[in-house]
Every structure is written in C-alpha cells, then in structure tokens.
Amino acid sequence: METLFIFPEAGTRHAHVDEWLAKHDNEIGKIARILVDRVRSCGDDIRELVHDGRPTLCVEMAAFAYVDAYSRHAAIGFFEGASLPDPEKLLQGQGKRMRHIKLRTLDEVALPSLLMMIDAAYHDMRRRLGLD
C-alpha cells in the first residue's frame, strides 16, 4: 500500500487557515489567498488545516497541496508533485515526491498551466485514494 500523508483532523473549512491568510495581507498574501481559494474549489471532498505553519489542503484526509507566503513570492506545493506531468516545466524541487511552484505576481495565479497543474494534483490524489 502506498504511503500518503493523512490528516484525520482536516476540516471542510478550517478557521486556522483563514487566520493564517488574514496575517498575510500584502500582495504575496493575496496570491496565497487566491491559491487556497482555487484549491478549495476543486471539489466537495477538499479538507484543510494548518500543518507546519502553512495551509495544507487534502482530498478527504490525504494531503495533496500546501500554500505558503514568503517575502518575495508565494508558493503552492504538491505532496506527490514529482509524479505529475509538467509540460510547461512549472514545478521546482529535487525531492523524491514533493514539488512546488513559485508565484511572484497576481497575474501568474491565472495562468492556465497553473490551474491545470492544481487540477492534475487533485485528480491524482483522488486516483490514489480510489475515488476517480
């Protein structure tokens, strides 16, 4: 059986995620909020929590994405990102499983390739869970 990052405490709309987003009220924080909202819109099975100091988004209880805000960029990371198709070469990182995408401007949040990557990560986790 495949090892997944499971969070039984993840909820449908976790107050700590909204508190985290409220603390980041600059342009980078706006990017982070858009990313979280976009992942939240993937499906009714999205759950969330703050783990390791950042919003972590799950399909049911299985983590598939996280969002973070840094001084000069926001990032969305995928726990199984190394196995995702990446024709636009958006994903960064050298880890065995995880990959991330850095975003520096609000315009980048609307890139079709980013939106497709989020959807791909969501459906990849649904497949891993036997839901798709």
Side-chain angles (χ1 to χ4, degrees):
M1 173 96 186
E2 179 175 16
T3 302
L4 299 174
F5 218 173
I6 302 297
F7 292 102
E9 66 274 26
T12 53
R13 185 77 180 234
H14 206 287
H16 291 143
V17 172
D18 289 323
E19 290 168 11
W20 185 94
L21 289 167
K23 291 178 186 174
H24 297 85
D25 60 357
N26 57 13
E27 182 153 334
I28 298 301
K30 289 178 188 175
I31 295 169
R33 176 172 292 284
I34 292 168
L35 290 169
V36 168
D37 288 343
R38 175 61 182 88
V39 176
R40 284 173 169 166
S41 74
C42 284
D44 293 337
D45 53 357
I46 296 296
R47 305 291 180 266
E48 61 187 44
L49 72 157
V50 173
H51 172 72
D52 281 347
R54 65 191 53 87
T56 300
L57 298 116
C58 306
V59 173
E60 296 185 350
M61 295 185 297
F64 79 98
Y66 69 87
V67 172
D68 210 345
Y70 301 92
S71 61
R72 295 189 174 182
H73 70 275
I76 184 166
F78 304 106
F79 287 90
E80 299 294 335
S83 64
L84 295 173
D86 185 19
E88 301 291 325
K89 306 294 184 216
L90 297 176
L91 294 171
Q92 299 178 27
Q94 302 296 318
K96 181 178 177 184
R97 296 166 68 165
M98 294 179 72
R99 296 288 185 276
H100 64 275
I101 299 170
K102 293 180 182 178
L103 300 117
R104 292 175 178 81
T105 68
L106 283 167
D107 292 339
E108 292 176 303
V109 180
L111 290 173
S113 53
L114 172 66
L115 302 177
M116 288 188 305
M117 187 65 66
I118 292 169
D119 286 337
Y122 168 69
H123 287 288
D124 175 69
M125 186 54 70
R126 284 186 51 86
R127 276 189 298 278
R128 291 171 189 273
L129 295 170
L131 302 172
D132 266 356

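Residue numbers count from 1 along this sequence.
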Is the distance between the ring centroids of Trp20 and His24 less than 6.0 Å?
-> yes
Could you please spell out the steps behind the side-chain contact (heavy atoms from CB on, under 4.5 Å) verdict for Asp18 and Arg13?
-> CA-CA 8 Å; Asp18 289 323; Arg13 185 77 180 234; 3.3 Å; yes
Rounded distance (nearest 0.5 Å) linking atom CG of Leu21 with atom CG of Leu35 | 10.0 Å
Note: Asp119-Arg38 ion pair, threshold 4.0 Å (strictly below) | yes
Exercise: identify the closest heavy-atom pair between Ala10 and Cys58 = CB-SG, 4.1 Å
From Asp68 CG over to Asp52 CG, what is the distance, rounded to the nearest 0.5 angstrom?
-> 10.0 Å
Measure the acute angle between the ring planes of His16 and His14, then classify it against the limits of 30° and 60° as parallel, tilted or perpendicular.
-> tilted
With rounding to the nearest 0.5 Å, note down the distance linking CD1 in Ile46 to CD in Glu60.
-> 10.0 Å
In the single-linkage hydrophobic clustering (I, L, V, M, F, W, Y; side-chain heavy atoms under 4.5 Å), do Leu84 and Val67 co-cluster?
-> yes
Examine distances only and state if a side-chain atom of Arg47 and a backbone atom of Met61 form a donor-acceptor pair shorter than 3.5 Å.
-> no
Same cluster or not: are Phe64 and Leu114 linked, directly or through other Ile, Leu, Val, Met, Phe, Trp or Tyr residues, by side-chain heavy atoms under 4.5 angstrom apart?
-> yes
I would like to know whether Ile101 and Leu91 meet side-chain contact (heavy atoms from CB on, under 4.5 Å); could you show each step before the answer?
-> CA-CA 5 Å; Ile101 299 170; Leu91 294 171; 3.7 Å; yes
For the residue pair Glu88 and Ser113, what are the closest heavy atoms and their distance?
-> CG-CB, 3.5 Å
Heavy atoms of Val17 and Pro55 approach each other most closely as CG1-CB, 4.0 Å
Around atom CD of Glu9, are there more than 12 heavy atoms of other residues, nucleotides or ligands at under 6.0 Å?
-> yes
Are the side chain of His100 and the backbone N or O of Gln92 linked by a donor-acceptor pair below 3.5 Å?
-> yes
Tyr70 and Val36: same hydrophobic cluster, using ILVMFWY side-chain contacts below 4.5 Å?
-> no
Do Val59 and Tyr122 have side-chain heavy atoms sitting under 4.5 Å apart?
-> yes
Would you say the side-chain atoms of Arg99 pair up with the backbone N or O of Phe78, donor to acceptor, closer than 3.5 Å?
-> no
Please name all residues satisfying ring-ring contact (aromatic ring centres under 6.0 Å, His included) with Tyr66, sequence neighbours left out, ordered by chain then number.
-> Phe79
Leu4 and Met125, any side-chain heavy atoms less than 4.5 Å apart | yes
Are Val39 and Met98 in one and the same hydrophobic cluster, where Ile, Leu, Val, Met, Phe, Trp and Tyr link if side-chain heavy atoms are under 4.5 Å apart?
-> no
Supply the atom-to-atom distance Leu129 CG to Asp124 CG, rounded to the nearest 0.5 angstrom.
-> 9.5 Å
Same cluster (ILVMFWY, side-chain, under 4.5 Å), Met117 and Leu106 | yes
Of all heavy-atom pairs linking Thr105 and Glu27, the shortest is CA-OE2, 4.4 Å
List the atom of Leu103, the atom of Val109, and the distance in Å for their closest heavy-atom pair.
-> CD2-N, 4.0 Å
Residues 72-83 vs salt bridge (Lys or Arg N to Asp or Glu O under 4.0 Å), sequence neighbours excluded, gives Glu80-Arg97, Glu80-Arg128
Could you pull out the closest heavy-atom pair between Leu115 and Ala110, with the gap in Å?
-> CD1-O, 4.0 Å
